[in-house]
Structures are given as C-alpha cells and as structure tokens.
Amino acid sequence: MLKEQELNEIQTEVFDILVSYDVEEKNRRKQHASKRLLEARRAIERRREEKELSPFIDDESWFDDEEE
C-alpha cells in the first residue's frame with residue numbers, strides 16, 4: 001500500500017511537471033508569433049510611410065539646398 005501511494009505521488013509530480021512544461025512551451029510559441037506579427041506590422045507601416053513620403057524626398061538632390 002505504501003509503495004502504491006509513493007508511486008501515485010511520483011506519477012502526480014511527473015504529470016504536473018509535464019503539464020507545466022507544455023503550458024510554458026505554448027506561451028513561448030504565442031510570444032514568438034506575437035513578435036513576428038508586430039514586426040510585420042512595423043514593416044507595413046514603414047513601407048506605407050516611405051510610399052507616402054517618397055514624392056517629397058528626392059535622393060539625388062537631398063543635400064543640394066545646403067550647398068547653395
């Protein structure tokens with residue numbers, strides 16, 4: 001009876017460890033996905049800003065006004 005109780009306690013502890021590991025792994029995956037989504041949003045915003053500002057920025061003559 002005592003051995004059976006010990007085994008059940010050990011099984012319970014191992015199960016708890018596995019469940020907590022699984023939860024942590026899911027959280028890591030969610031964080032990674034969130035980070036990738038945020039990076040994609042930032043890239044889209046940068047592209048929109050560049051597109052919106054491109055008519056006002058001429059790389060060829062960007063510093064010409066300062067030389068004159």
Side-chain angles (χ1 to χ4, degrees):
M1 181 80 174
L2 184 61
K3 283 187 175 187
E4 195 173 294
Q5 280 183 323
E6 287 178 19
L7 186 60
N8 286 336
E9 289 174 16
I10 293 172
Q11 287 175 336
T12 302
E13 189 173 337
V14 169
F15 179 76
D16 289 345
I17 291 169
L18 291 174
V19 168
S20 66
Y21 176 79
D22 189 44
V23 168
E24 288 177 20
E25 185 63 28
K26 285 179 183 178
N27 285 338
R28 277 192 284 266
R29 286 186 198 140
K30 283 182 181 180
Q31 287 176 346
H32 182 69
S34 294
K35 184 178 177 183
R36 289 184 65 208
L37 182 60
L38 181 60
E39 289 172 356
R41 286 181 182 171
R42 287 180 178 164
I44 291 168
E45 288 174 7
R46 277 193 301 272
R47 177 64 185 126
R48 285 182 181 161
E49 286 176 0
E50 288 174 6
K51 190 175 179 181
E52 190 175 308
L53 295 174
S54 65
F56 303 105
I57 299 174
D58 181 6
D59 290 336
E60 298 290 324
S61 62
W62 180 253
F63 294 104
D64 287 352
D65 291 341
E66 293 179 10
E67 293 177 9
E68 293 179 6

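Numbers for residues simply follow the sequence, beginning at 1.
Atom CZ of Arg41 and atom CD1 of Ile44 lie 8.5 Å apart (nearest 0.5 Å). To the nearest 0.5 Å, atom CG of residue Asn27 and atom CG of residue Asp22 are 10.0 Å apart. The CG atom of Leu18 sits 11.0 Å away from the CD atom of Glu13 when rounded to the nearest 0.5 Å.
In this structure, Glu45 does not pair ionically with Arg42, as no charged nitrogen and carboxylate oxygen lie closer than 4.0 Å.
Glu52 CD: 12 or fewer foreign heavy atoms inside a 6.0 Å radius.
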